[in-house]
Visitor: 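Take this structure first; my questions come after.
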Amino acid sequence: MFFVLKAVCLGIYALALAGLAGLLPSGFAGSMQTIALVMLAVHAVELAVMFKHVKRYPGPLAISVLLTMLFGLLHWKPLADAAKEG
């Protein structure tokens, strides 16, 4: 399930970038850019609030921050669940 939701996130970001490049009609491009910006803002708040779980990522912290900015709870929730279990 998380795979599908992550693909949707990436699709929204890709459409927003395509809109910036002028590859989409202006109305649709503006909508996708707004949605992408709102998602990034929400994920930034998530990053600040859930940083203790973001730090649990086994790789570099910068990668975990990037993944949280892209996917939000789809990245940090499994880390939180693993910490709760073990």
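The model shown is predicted, which means the values in this text are computed figures rather than measured ones.
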Visitor: Answer with yes or no whether the hydrophobic clustering places V45 together with L70; edges join I, L, V, M, F, W, Y residues whose side-chain heavy atoms lie under 4.5 Å apart.
Guide: yes

Visitor: Kindly give the heavy-atom pair with the smallest separation between H43 and M69, and that separation in Å.
Guide: ND1-O, 2.9 Å

Visitor: Carefully, step by step, assess L10 and F71 under the rule side-chain contact (heavy atoms from CB on, under 4.5 Å).
Guide: CA-CA 8 Å; L10 291 176; F71 304 118; 3.8 Å; yes

Visitor: Using the side-chain contact (heavy atoms from CB on, under 4.5 Å) rule, take C9 and M39 through it: C-alpha gap first, then chi angles, then the decisive distance, then the call.
Guide: CA-CA 9 Å; C9 287; M39 284 177 53; 3.6 Å; yes

Visitor: Can you get from L40 to L74 by hopping between Ile, Leu, Val, Met, Phe, Trp and Tyr side chains that sit under 4.5 Å apart?
Guide: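 Yes.
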
Visitor: Nearest 0.5 angstrom please: M50 CE to T68 OG1, how far?
Guide: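 M50 CE to T68 OG1: 10.0 Å, rounded to 0.5 Å.
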
Visitor: Test question: given the 4.5 Å side-chain rule for I, L, V, M, F, W and Y, name all other residues clustered with L20, or answer none.
Guide: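 Once heavy-atom contacts under 4.5 Å are chained together, L20 belongs with L17.
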
Visitor: As a quick check of understanding, evaluate side-chain contact (heavy atoms from CB on, under 4.5 Å) for Y13 and I35, giving each step before the final call.
Guide: CA-CA 9 Å; Y13 297 135; I35 291 169; over 6 Å; no

Visitor: How about P60 and I63: do any of their side-chain heavy atoms sit closer than 4.5 Å?
Guide: yes

Visitor: Can you name the closest pair of heavy atoms from L24 and A29 and give their distance?
Guide: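 Where L24 meets A29 most closely, the heavy atoms are CB-CB, 4.1 Å.
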
Visitor: Which atom pair, heavy atoms only, marks the closest approach of E46 to G72?
Guide: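 Looking at all heavy atoms of both residues, the shortest contact is OE1-CA, 3.2 Å.
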
Visitor: Could you see if V8 belongs to whatever hydrophobic cluster contains F2? Use Ile, Leu, Val, Met, Phe, Trp, Tyr and a side-chain cutoff under 4.5 Å.
Guide: yes

Visitor: Any luck finding a side-chain donor-acceptor pair between S64 and H75 under 3.5 Å?
Guide: yes

Visitor: For the hydrophobic clusters of this structure (ILVMFWY residues joined by side-chain heavy atoms under 4.5 Å, transitively), does one cluster hold both V42 and L67?
Guide: no

Visitor: I need the L15 CG to L23 CG distance, nearest 0.5 Å.
Guide: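 That separation rounds to 10.5 Å.
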
Visitor: Under the side-chain contact (heavy atoms from CB on, under 4.5 Å) test against W76, which residue among L47, V49, V54 passes?
Guide: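 For W76, the side-chain contact (heavy atoms from CB on, under 4.5 Å) test succeeds with only one of L47, V49, V54, which is V54.
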
Visitor: Starting at CE of M1, measure out to NZ of K6 and round the result to the nearest 0.5 Å.
Guide: 13.0 Å

Visitor: Quick one: do F28 and V38 end up in the same hydrophobic cluster if we chain Ile, Leu, Val, Met, Phe, Trp and Tyr together by side-chain heavy atoms under 4.5 Å apart?
Guide: no

